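Okay, structure first, notes after.
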Amino acid sequence: MPELPDVEGFRKYFNETALNKKIIKTELISPEMLRKGSPKDLVKYTEGEKFISSLRHGKYFFAGLSSNKYLMLHFGMTGYLIYYKLPEDAGGHIRLQFKLDDGFYLAYDNLRKFGAILLIDDPAEYIKEKELGPDPINDGLTYNKFRERVDSKSGNIKAVLMDQSVLAGIGNLYSDEILYQAGVHPSKLFSSIKEDGKKEVYKKMMSVLKAAVKKDGDHSALPGKYLLNHRSDGEKCPICGGKIVHKTIAGRTAYFCNSHQKK
DNA sequence: AATATTGTTCAGCA
DNA sequence: GTGCTGAACAATAT
């Protein structure tokens, strides 16, 4: 699930469950997911420490620790956070588990081991290292700023929206959703879109992300006119009655309406 | 049984 | 340097 709205949902969940709690025990069940540093250090800087803050940039989540370090989690395609009292209520693929001082556990579950676990010093530095673009929600991205980031790119609009160095947080599903709402074909070049269309892409990007953040990334809670709940071939387009089709664009499976998103 | 999958990164090529 | 494609990563569902 994890694109910007989903990860923001995890952050909220973290705030409601683990923030300001002390870690009694740290268990790294899948040490290969720790992409740098030693498991020993992960334990050293988390056990006995408190979670004191949380932040998110794009699809990256950071939990601030009282040891002055940050736990960075990337969720890949299948990661999520889960809070539970009984270990049998944990997900089936727990990779990292914290026992908290309230008797509950907070864990990072990830079926496929894409994603990453890291212990870092400074989120801002990490974001710079990764060359992540601005986060449209956190950074209050204006239309001018959006144009500044996107205008220099020559790839198709879907690829540009998904490029984390242009903007951080949009992936396959939400890029499709934004273009569907804006009525723009995913394989169009941004430069070939008329002024009005460009503005529409920006507006829909902001409104779709905001709406999804409000629903904590829960797709089924989004309005019926969203493509997210109609991502399959031959479905009737809830906006214009056209047909939903798919095609590989920017290396991913793009779904779009073959009638109101014209090339 | 072959194929697809909400993400990232890298090699190879134009 | 830019952009595109395909592969790799890993595990599951259809």
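Every heavy atom of this structure was used, including side-chain atoms; hydrogens, water molecules and symmetry mates were not. Note that the structure is a prediction, hence the values are computed from the model and not measured. Within every chain, numbering begins at 1; the chains are lettered A, B, ... in the order of the sequence lines, protein sequences first and strands thereafter.
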Checklist line | Candidate nucleotides dT12(C), dT2(C), dT8(B), ranked by approach to the side chain of His93(A) - the nearest | finding: dT12(C)

Margin query: What is the separation between atom CE on Met77(A) and atom P on dA4(B), rounded to the nearest whole Å?
Written below: 13 Å

Margin query: Please compare Thr248(A) and Asp163(A) by the position of their nearest nucleotide in DNA chain C and report the one closer to 5'.
Written below: Asp163(A)

Note to self: Stem finding on DNA chain C, please: runs of three or more consecutive Watson-Crick or G-U wobble pairs, both distances under 3.5 Å, sorted by first number.
What the structure shows: B:2-5 with C:11-14, B:7-14 with C:2-9

Check: What distance, rounded to whole Å, do you find between the two C1' atoms, one in dC9(C) and one in dA1(B)?
Finding: 22 Å

Next item on the list: In whole angstrom, give the distance that lies between atom CE of Met33(A) and atom P of dG7(B).
Entry: 15 Å

Item checked: Side-chain donor-acceptor contact under 3.5 Å, Thr142(A) with Asn144(A) -> no

Note to self: Rounded to whole Å, how long is the line connecting atom CZ of Arg252(A) with atom C1' of dG7(B)?
What the structure shows: 6 Å

Notebook entry, point to check: So, is Ser154(A) close to the dG3(C) phosphate, meaning a side-chain N or O under 4.0 Å from OP1 or OP2?
Noted result: yes

Check: Given atom NZ of Lys158(A) and atom P of dT5(C), what is their separation to the nearest angstrom?
Finding: 13 Å

Note to self: Determine whether Asn15(A) and Ser54(A) satisfy the following criterion, side-chain hydrogen bond (donor to acceptor under 3.5 Å, both in side chains), listing intermediate values before the conclusion.
What the structure shows: CA-CA 7 Å; Asn15(A) 287 352; Ser54(A) 72; 2.7 Å; yes

Item checked: Asn172(A) CG - dT8(B) C1' separation (whole Å) -> 13 Å

Next item on the list: With P as the reference atom in both, quote the distance from dG6(C) to dA4(B) in angstrom, rounded to an integer.
Entry: 12 Å

Next item on the list: Have a look at Asp176(A) and say if it touches a base, only the backbone sugar-phosphate, or nothing, with a 4.0 Å heavy-atom cut-off.
Entry: nothing

Check: Distance check: side-chain N/O of Thr253(A) vs OP1/OP2 of dT5(B), anything under 4.0 Å?
Finding: yes

Check: What nucleotide among dC4(C), dT8(B), dG3(C) has an atom nearest to a side-chain atom of Asn156(A)?
Finding: dC4(C)

Item checked: Lys215(A) NZ: over 12 foreign heavy atoms closer than 6.0 Å -> no

Next item on the list: To the nearest Å, give me how far apart CZ (Arg95(A)) and C1' (dA10(C)) are.
Entry: 9 Å

Note to self: Tell me whether Lys85(A) forms a cation-pi arrangement with Tyr105(A), defined as NZ or CZ under 6.0 Å from the six-membered ring centre and within 45 degrees of its axis.
What the structure shows: no

Margin query: Measure CZ/Arg231(A) against P/dT14(C) and give the value in whole Å, please.
Written below: 17 Å

Note to self: Taking the minimum atom-to-atom distance to the side chain of Lys130(A), which one of dT5(B), dA11(C), dT9(B) wins?
What the structure shows: dT9(B)

Margin query: Is it the case that the ring center of Phe75(A) lies less than 6.0 angstrom away from the ring center of Tyr108(A)?
Written below: yes

Next item on the list: Please say whether more than 12 non-hydrogen atoms of neighbouring residues, nucleotides or ligands are located less than 6.0 Å from CD in Glu131(A).
Entry: no

Margin query: I want to check a possible cation-pi pair here: Arg112(A) against Phe114(A), using under 6.0 Å from ring centre and within 45° of the ring axis as the test.
Written below: yes

Item checked: Between His57(A) and Phe62(A), ring centroids under 6.0 Å -> no

Notebook entry, point to check: Taking CD from Gln164(A) and P from dC10(B), how many angstroms apart are they, rounded to a whole number?
Noted result: 15 Å

Next item on the list: Step by step, work out the side-chain hydrogen bond (donor to acceptor under 3.5 Å, both in side chains) result for Glu235(A) and Ser232(A).
Entry: CA-CA 6 Å; Glu235(A) 277 222 41; Ser232(A) 56; 3.1 Å; yes

Note to self: I'd like to know whether NZ of Lys50(A) has more than 12 heavy-atom contacts from other residues, nucleotides or ligands below 6.0 angstrom.
What the structure shows: no

Check: Counting only non-hydrogen atoms, which of residues 106-121 of chain A are less than 4.0 Å from DNA chain C?
Finding: Leu111(A), Arg112(A), Lys113(A), Phe114(A)

